[in-house]
2 protein chains.
Amino acid sequence: MPRELIDLLWRDHPAAPRGGARGPQARVSTGAVVEAAMRLADAEGLPAVTVRRLGEVLGVSAMSVYTHVNSRDDLLVLMADAAFAAMPLPEHGSAGWRTRVRRVADANLALLGERPWLLEIDDDRTAFGPGTIAKYDHELHALDDLPLDDVARDAALTFVLDFVRGAARAQRPDPRADEMPQAWARWAGRLAEYLGDDHELARRVGGAAGAAMNAPSSPTHAWTYGLERVLDSLTPPAER
Amino acid sequence: MPRELIDLLWRDHPAAPRGGARGPQARVSTGAVVEAAMRLADAEGLPAVTVRRLGEVLGVSAMSVYTHVNSRDDLLVLMADAAFAAMPLPEHGSAGWRTRVRRVADANLALLGERPWLLEIDDDRTAFGPGTIAKYDHELHALDDLPLDDVARDAALTFVLDFVRGAARAQRPDPRADEMPQAWARWAGRLAEYLGDDHELARRVGGAAGAAMNAPSSPTHAWTYGLERVLDSLTPPAER
DNA sequence: ATAAACCTTGTACGGCGTACAACGTAAGAT
DNA sequence: ATCTTACGTTGTACGCCGTACAAGGTTTAT
């Protein structure tokens, strides 16, 4: 383990350990590896991010990647933090907490829409990265005007971000989308037979929800509706 | 593809296609494979569920597993549906919607606490399984007393279940838990150096949240508090 | 000139999911 | 009673994966 993950996360910080001057100059840098990995994930999804493939893209052997990144698991942490670091963190200005939180939620939904592979990275060590911390700080400040102690403030932000995560998961395109029409054609009849008259409510609501899902304007509706519910739930008793 | 996933999901239904009578009697059944896989996942996590390992546990060759299950991806769907099917679905009785929804949330949190590997299975085809459909129907009925149309009812349930999912994710034990103390010992100093005086709010709130996380009573607190917020958000305007 | 530190590389190991073909077995057809 | 057909089981093999290891090359510090 030549350089610790925490130092790789903070590799752009002045106090980060530079590589010793000896030996040949590195052909690629940690940053370059992370960027290439993100391009790959953006284009083909996280499973396409393999060490061999990365080496190929970078014009370097597979094992050389490990000089800059320690392990694939570490790489995923670096990717997630870099994705957060790339988020714009616009000043909250004089907007009230409701608009602030709405903006935070929108920004996170946009991020997860552009980089759905973030939903597949679930490593607590991401919390130590500069991008993640800066984002966390910024988003906590969206709640400045609410009467929350520190623990409740963290809980409230988590609450909002978990909602966003759920919405992003629902909106994410199914990788099996192309096969589903045929599968459905084969399955619809059988499923109807199995279901018979049971679960009438589930059949009706599921059908309605499915139809709404395919309607063009619907995801927006479910999102805005749900988000307003989230905002309502944050409203302090005094304002109700 | 000898038998379709949908038929395997409904394998206990009277109308499900039985295997033809010819040939030797199968040494294991689809149900047995799924049960073994669930035991394995319960004991050692989802990555331990490999085809070779399953064959070993079942006393059968690896390839023989494919006679009963088509593919590993299909197996995961069967496991998830079986887990839902095993949930108790107690009558809602005369309880009001608030208690009903609370019970639904509690039951789901308990399920995801017992079988955290469910969080790692994300396949839309699970929705066609009998266990999943029965659960869906039951949980929709928890919202009977609320003035919601079909689409909104589905959205409301998703809202609740996504909240539960987020809570379960947070409570899930980190598989890296044993290494973290040492890593933290190595990292704490460096991180403090990197952070300096920046992000004061994040440092304070993160510290408080982290401390609360380690306190014994806290997960319960965050859960009940958040759940009440969710319930509040479902309250129709007329009742406010 | 020598030594130390560093990057790069090829090979190899043990895992994974699963395609394929050979073989055995039991029931239906004759 | 024999043959045929459908099915279950198995071993082998392919192409992936992450990565341990050791050898070799390159640069700077001594």
Side-chain angles (χ1 to χ4, degrees), chain A residues 1-5 7-8 11 17-33 36-37 40-41 44-79 120-121 123 175-176, chain B residues 1-5 7-8 11 17-33 36-37 40-41 44-79 120-121 123 175-176:
Chain A
M1 203 94 79
R3 269 143 92 202
E4 293 263 13
L5 174 60
D7 296 321
L8 294 182
R11 62 193 178 276
R18 299 270 154 273
R22 261 188 271 222
Q25 179 165 306
R27 305 237 302 266
V28 297
S29 65
T30 300
V33 172
L40 219 40
E44 306 181 34
L46 208 52
V49 179
T50 72
V51 179
R52 284 170 176 83
R53 188 78 192 282
L54 264 177
E56 198 177 317
V57 166
L58 291 164
V60 128
S61 82
M63 287 314 293
S64 193
V65 171
Y66 286 103
T67 304
H68 311 284
V69 118
N70 295 337
S71 73
R72 185 177 188 271
D73 278 3
D74 280 19
L75 173 62
L76 297 186
V77 172
L78 295 172
M79 290 169 67
E120 299 170 52
I121 301 180
D123 192 313
R176 248 175 283 266
Chain B
M1 205 94 76
R3 269 142 93 202
E4 293 263 14
L5 175 60
D7 296 321
L8 294 182
R11 62 193 178 276
R18 298 271 155 272
R22 266 191 267 223
Q25 178 167 303
R27 305 236 303 265
V28 298
S29 65
T30 300
V33 172
L40 218 41
E44 306 182 33
L46 208 53
V49 180
T50 71
V51 179
R52 285 170 175 82
R53 189 76 191 283
L54 264 177
E56 198 177 319
V57 166
L58 292 164
V60 129
S61 82
M63 288 315 292
S64 193
V65 171
Y66 286 102
T67 304
H68 312 285
V69 118
N70 295 337
S71 74
R72 186 177 187 271
D73 278 3
D74 280 18
L75 173 61
L76 297 186
V77 172
L78 295 172
M79 290 169 66
E120 298 169 53
I121 302 180
D123 193 312
R176 248 176 283 267

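Chain letters run A, B, ... following the sequence lines, proteins first, then strands; residues in each count from 1. Note that the structure is predicted; figures quoted are calculated from it, not measured. Computed from heavy atoms alone, side chains included, the values below leave out hydrogens, waters and symmetry copies.
Checked by atom type and distance alone, the side chain of A:Thr30 pairs as donor or acceptor with a backbone atom of A:His68 at under 3.5 Å. Not one N or O on the side chain of A:Arg11 forms a donor-acceptor pair closer than 3.5 Å with the backbone of A:Pro17. At least one donor-acceptor pair under 3.5 Å links the side chain of A:Thr67 to the backbone N or O of A:Ser64.
Spacing between atom OH of B:Tyr66 and atom C1' of D:dT12 amounts to 15 Å, rounded to whole angstrom units. One interatomic measurement links the two molecules: CG of A:Asn70 to P of D:dG18, which rounds to 15 Å at whole-angstrom precision. Distance B:Leu46 CG to C:dC16 P: 13 Å, rounded to the nearest Å. Atom P of nucleotide C:dG17 and atom CG of B:Leu75 are separated by 10 Å, given to the nearest angstrom. B:Asp73 places its CG atom 16 Å from the P atom of C:dC16, with the value rounded to the nearest Å.
Distance check: A:Leu8 CG to A:Ser29 OG gives 11.0 Å after rounding to the nearest 0.5 Å. Between B:Leu5 atom CG and B:Ser71 atom OG the span is 8.0 Å, to the nearest 0.5 Å.
A heavy-atom distance below 4.5 Å is found between the side chains of A:Leu75 and A:Leu54. Side-chain atoms of A:Ile121 and A:Val77, non-hydrogen and from C-beta on, never get closer than 4.5 Å to each other. In this structure, A:Val65 and A:Val33 have side chains that are in contact, with non-hydrogen atoms separated by less than 4.5 Å.
Taking a 4.0 Å limit (strictly below) on heavy-atom distances, residues 51-61 of chain B reaches DNA chain C at B:Val51, B:Arg52.
A:Thr67 comes within contact range of at least one nucleobase, with a heavy-atom separation under 4.0 Å.
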What does the B/S/- profile of nucleotides 21-30 of chain D look like, 5' to 3', with a 4.0 Å heavy-atom cutoff to protein? B---BBBBS-
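For the OP1/OP2 pair of D:dG8 and a distance below 4.0 Å, the side-chain nitrogens and oxygens of B:Ser64 include no atom meeting the criterion. A close approach under 4.0 Å does occur between a side-chain nitrogen or oxygen of A:Arg27 and OP1 or OP2 of C:dT9.
Using a cut-off of 4.0 Å between Lys/Arg side-chain N and Asp/Glu carboxylate O, A:Asp73 and B:Arg176 are scored as salt-bridged.
Checked against C:dT9, D:dT19, D:dT9, the side chain of B:His68 finds its nearest nucleotide in D:dT9.
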